[in-house]
Amino acid sequence: MTNKYLIFLGCAIPYRVASFEISSRKILSKLGVELVEMPEFNCCGLPFDPVSHETMLILAAKNLAMAEQQGLNILTLCPGCAGTLKKVNKILKEDKKQREQINSHLKRVSLEFKGTVEVKHLLQLLREDVGIDKIKESVTRPLTELKVAEHNGCHILRPKKYIGFDDPEDPQTLKMLIEATGATCLDYIGETECCGAPSVGVSDKVALQLAREKLNHVKMVDAQALITICPFCHIMYDTNELRIEKTFNEVYGIPILHYPQLLGLAMGMTPEELAFGELRVNPQKITKQFDIKEQNKP
Amino acid sequence: MTEVTTKSAQQGKEPIRASEFDPKFKYELQKIHGAENILRCFQCGTCTSDCPIARFSDTYRPRTLIHMAQLGLKDRVLNSDTLWLCAACFTCTDRCPQDVEVAAVIRVFRNLAAEKGCIPQVFKDQAQSLIETGYAYMIPELRIKKRVSQGLPPLPKGNPETIRKVLRGVKFFDRIQQWGDQK
Ligand code: SF4
Ligand code: SF4
């Protein structure tokens, strides 16, 4: 077992979700996972699949071939990137004709897809490589007073035949990881439902209704926070929560945290170290008890 | 959005003429990666009933799109605005009892529509960003600078030149290049 990974950031995280990257790097370093930066990068290809499957295949294969040159497996924080790279890795490994076709494109820049690396998402790495026991050991400040809900998002689970991780109809990994922090993970209606983010650019009305439905279900069980592991799901709920409240006349005030932020708190890190300041929905309800500055206030 | 719904609703209401059927369409689809199993669909409706978008849209129905394609209503399928509403959540793909890979079939429809030039603006913007920066979004300079103060390593550099090289000959990419040249 090697705990050294090439970290693949994708586009959405550096563009809008720095808090996810900051908190992920912090917890991974604490857990002894070594990250190597990609020397060069391009979009994983997913955003182009709807308009050109071939473009997606070539972009993904280019990234995989670059990782192969480094001789390191890929770790992604974005489930969209993970899903795409995994899918293309599988397709090209199994289908010689497609592999040759795509390689004819990569050859122009002296790259070749050989199929020698694996791709994992953060969640999979935490469960399979680090292990739940080690995560429990890393907890110095159990979050026993917290009751939260989880949202896996789609691309970490589906399509099952390409992802092959956890049970898409009843996923357990994120729940286990949440409970490892000492917090309680609540069940609610429609846990595996899509956040709607990919449809925002086409119809934000439909997409916001999906997000609203989710927040309603999370509110019904009195969750103190919603825990996500995807930059797009996070944007969908955190950035839009206020807008959804206004549009549909709802009241939520539910902070949306990245899982690494939750784990980081349990590891004894401060909200400031974990970039809680970047969140749109005020996380104070959660952070009050961890913030030394807050506690010292008269 | 209202515009999209109304237009599509009207499209659906127009009577179908015999001349609209293209009996070869389904066989063309069968040859495209992702749509190989389209003829297996027996219209059970699982995809539509489990589709989160169908729940909130008056017009988006994956089963109907697949039925229309099987019947050969090529133009109706490819010109449908609602095609672009799919969130690619893959629920339908996982639950289809006939292994149709519904989301992949929808993607094939969209790819064919895009080849005809029907491409929503978001995709054009992302494509432009890709060939200029290597990233799908234009990451503001400020964000890149802020990484230092946030204790993050520098962003890996995108290499637009190599992207242009590997994508040469891909229909969609050649189209983006043309837009770029027109600018
Ligand atoms: S779930 Fe599958 S078989 Fe059923 S209608 Fe949809 S595509 Fe057809
Ligand atoms: S992938 Fe698209 S068609 Fe299928 S269930 Fe999700 S939104 Fe609906």
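Note: hydrogens, waters and symmetry copies are ignored here, and every other heavy atom, side chains too, is used. Letters A, B, ... mirror the listed sequences (proteins, then strands); counts begin at 1. Model, not experiment: these values are computed from the prediction.
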So which part of [X] gets closer than 4.5 Å to some heavy atom of chain A, the side chain, the backbone, both or neither?
{"X": "B/R168", "result": "both"}
{"X": "B/C92", "result": "neither"}
{"X": "B/E115", "result": "neither"}
{"X": "B/A103", "result": "neither"}
{"X": "B/P120", "result": "neither"}

Nearest-0.5 Å distance, [atom1] of residue [X] to [atom2] of residue [Y]:
{"X": "B/L130", "Y": "A/L59", "atom1": "CG", "atom2": "CG", "answer": "5.5 Å"}
{"X": "A/I58", "Y": "B/L167", "atom1": "CD1", "atom2": "CG", "answer": "5.5 Å"}
{"X": "B/R55", "Y": "A/E213", "atom1": "CZ", "atom2": "CD", "answer": "4.0 Å"}
{"X": "A/F41", "Y": "B/L155", "atom1": "CZ", "atom2": "CG", "answer": "7.5 Å"}
{"X": "A/T55", "Y": "B/F123", "atom1": "OG1", "atom2": "CZ", "answer": "12.0 Å"}

Might you confirm whether atom [atom1] of [X] has over 12 heavy atoms from other residues, nucleotides or ligands at distances under 6.0 Å?
{"X": "A/F248", "atom1": "CZ", "result": "yes"}
{"X": "A/K97", "atom1": "NZ", "result": "no"}
{"X": "A/R280", "atom1": "CZ", "result": "no"}

Taking every non-hydrogen atom, the tightest pair across [X] and [Y]:
{"X": "A/P159", "Y": "B/D94", "answer": "CA-OD1, 3.4 Å"}
{"X": "A/R108", "Y": "B/V166", "answer": "NH1-O, 3.5 Å"}
{"X": "B/V122", "Y": "A/G201", "answer": "CG1-CA, 3.8 Å"}
{"X": "A/P14", "Y": "B/R143", "answer": "O-CD, 3.5 Å"}
{"X": "A/F48", "Y": "B/Q126", "answer": "CZ-O, 3.5 Å"}
{"X": "A/P47", "Y": "B/A136", "answer": "CG-CB, 3.9 Å"}

Steps toward side-chain contact (heavy atoms from CB on, under 4.5 Å) verdict (A/I22, B/L152): CA-CA 7 Å; A/I22 296 171; B/L152 295 172; 3.9 Å; yes
Centroid separation A/Y162 to B/F90 less than 6.0 Å: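 Here the rings of B/F90 and A/Y162 have centres that are no less than 6.0 Å from each other.
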Any idea which of [options] has the most non-hydrogen atom pairs under 4.5 angstrom with chain B?
{"options": "A/A197, A/C154, A/G153, A/P50", "result": "A/P50"}
{"options": "A/Q98, A/M38, A/K107, A/K62", "result": "A/K62"}
{"options": "A/E40, A/K160, A/E169", "result": "A/E40"}
{"options": "A/S52, A/S104, A/A61, A/C44", "result": "A/S52"}
{"options": "A/N42, A/V109, A/L210", "result": "A/L210"}

Aromatic ring pairing A/Y15/B/Y137, orientation class (parallel under 30°, perpendicular over 60°, tilted between):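 Taking B/Y137 first and then A/Y15, their aromatic rings lie parallel (interplane angle under 30°).
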Test log, rule side-chain contact (heavy atoms from CB on, under 4.5 Å), inputs B/T93 and A/K161: CA-CA 10 Å; B/T93 294; A/K161 86 170 195 196; over 6 Å; no
Sidechain N-carboxylate O distance under 4.0 Å for A/E54, B/K171: no
Tell me whether [X] contacts the main-chain N or O of [Y] through its side chain, where contact means a donor paired with an acceptor under 3.5 Å.
{"X": "B/N111", "Y": "A/H53", "result": "yes"}
{"X": "A/H155", "Y": "B/A88", "result": "yes"}
{"X": "A/R158", "Y": "B/C89", "result": "yes"}
{"X": "A/D49", "Y": "B/R107", "result": "no"}

A/K205 and B/S57: CA distance, side-chain angles, deciding distance, side-chain hydrogen bond (donor to acceptor under 3.5 Å, both in side chains) verdict: CA-CA 9 Å; A/K205 195 178 137 212; B/S57 157; over 6 Å; no
Trace of the side-chain contact (heavy atoms from CB on, under 4.5 Å) decision for B/Q150 with A/E21: CA-CA 10 Å; B/Q150 287 171 321; A/E21 185 185 348; over 6 Å; no
Step-by-step side-chain contact (heavy atoms from CB on, under 4.5 Å) determination, A/C194 to B/T91: CA-CA 9 Å; A/C194 173; B/T91 309; 5.8 Å; no
